[in-house]
Amino acid sequence: MLNKLLNRDRMQHQKGVESWQEAIRVASGPLLKEHVIDEMYVDAMIQSVEDNGPYIVLKDYFALPHAAAGKGVYVPGMALLTLEDPVDLKGNPVKIFLVLAAIDSSTHLEALSQLSEQLMDDEVYEVFLSGDLDAIGNALKL
């Protein structure tokens with residue numbers, strides 16, 4: 001299921017960004033380009049963090065930006081941005097932004113379960129932190 005939502009074309013790596021908001025916008029770029037989501041969804045992800053704090057930071061250096069399912073999402077999808085230099089997300093340094101675009105409350109759960117399993121493996125997590133997109137794709141079997 002994970003490889004249906006995330007593919008190599010939706011993965012990006014760059015040195016750094018000016019803000020966590022910019023990171024979410026950059027990470028969302030491939031999904032916008034493919035018309036998986038629209039700008040309303042990107043704005044909603046940012047507003048959700050503004051309203052609720054850094055709840056999207058799930059692990060050291062790792063954030064899972066998302067917003068209410070369905071609003072501004074046309075098909076389920078994920079996109080990844082890795083950064084060499086962490087950006088501050090309300091007191092949390094983040095190097096990995098994995099955008100989740102969900103159309104409902106359940107379709108994406110299998111993919112999230114697979115991803116959680118992978119991220120619990122310290123070796124796989126180190127691959128994510130390295131920013132090597134080919135190695136990340138291999139680790140996730142994309």
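- In terms of heavy-atom proximity, Ala79 sits nearest to Ala27 at CB-O, 3.2 Å.
- Judged purely by distance below 3.5 Å, without hydrogens or angles, the side chains of Tyr61 and Asn92 never pair a donor atom with an acceptor atom.
- Atom CG of Leu140 is separated from atom CG of Leu115 by 6.5 Å, given to the nearest 0.5 angstrom.
- Between Trp20 and Val87, the shortest heavy-atom distance links the atoms N-CG2, 3.6 Å.
- Put simply, the side chain of His66 gets close to the backbone of Leu64: a donor and an acceptor are under 3.5 Å apart.
- Rounded to the nearest 0.5 Å, atoms CD1 (Ile136) and OG (Ser130) are 5.5 Å apart.
- No more than 12 heavy-atom neighbours from other residues, nucleotides or ligands sit within 6.0 angstrom of NZ on Lys71.
- Among all heavy-atom pairs drawn from Tyr41 and Ala102, the shortest one is OH-N, 4.2 Å.
- There is no path of hydrophobic side-chain contacts, each under 4.5 Å, that joins Val42 to Met40.
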Original post:
Which is it for Val49 and Lys90 under the side chain to side chain contact (heavy atoms under 4.5 Å, CB included) test, yes or no, and what are the steps along the way?
Top reply: CA-CA 9 Å; Val49 173; Lys90 297 194 173 270; 4.0 Å; yes

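- Gln21 places none of its side-chain heavy atoms less than 4.5 Å from the side chain of Met45.
- For Ile103 against Val73, the heavy-atom pair with the smallest separation is CG2-CG1, 3.6 Å.
- Side-chain contact between Arg25 and Ile46 is present, with heavy atoms from C-beta onward closer than 4.5 Å.
- Salt bridge annotation for Arg8-Asp134: present, with a cationic side-chain nitrogen under 4.0 angstrom from a carboxylate oxygen.
- Contact between Leu32 and Asp38 at its shortest, heavy atoms only, is CD2-C, 3.5 Å.
- A distance of 6.0 Å separates CG of Leu81 from CD of Gln12, quoted to the nearest 0.5 Å.
- Other residues, nucleotides and ligands place no more than 12 heavy atoms under 6.0 Å from the NZ atom of Lys33.
- Considering only heavy atoms from C-beta on, Ile56 comes within 4.5 Å of Pro65 through its side chain.
- Looking only at side-chain heavy atoms (C-beta outward), Phe97 and Val26 stay at 4.5 Å or farther from each other.
- Shown here for Phe128 and Thr82, the closest heavy-atom pair between the two residues is O-CG2, 4.0 Å.
- A side-chain donor-acceptor contact under 3.5 Å links Gln14 to the backbone of Gly16.
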**OP:** List the steps, then state whether side chain to side chain contact (heavy atoms under 4.5 Å, CB included) holds for Leu98 with Leu6.
**Re:** CA-CA 10 Å; Leu98 182 65; Leu6 180 66; 4.2 Å; yes

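- When side chains are defined from C-beta on, Val99 does not count as touching Met78, because their heavy atoms never get closer than 4.5 Å.
- No side-chain heavy atom of His13 sits less than 4.5 Å from a side-chain heavy atom of Leu80.
- Tyr74 is not listed as a side-chain neighbour of Ile37, based on a closest heavy-atom distance of 4.5 Å or more.
- Heavy atoms of other residues, nucleotides or ligands lying less than 6.0 angstrom from CD of Glu18 number 12 at most.
- Taking the side chain as every heavy atom from C-beta outward, Asn3 and Lys141 never approach each other to under 4.5 Å.
- Side-chain atoms of Asp51 never come within 3.5 Å of backbone atoms of Ser48 as a donor-acceptor pair (strictly under, hydrogens ignored).
- Shown here is Glu117, whose CD atom has no more than 12 heavy atoms of other residues, nucleotides or ligands within 6.0 Å.
- Formation of a donor-acceptor pair under 3.5 Å by the Arg10 side chain with backbone atoms of Leu5 is found in this model.
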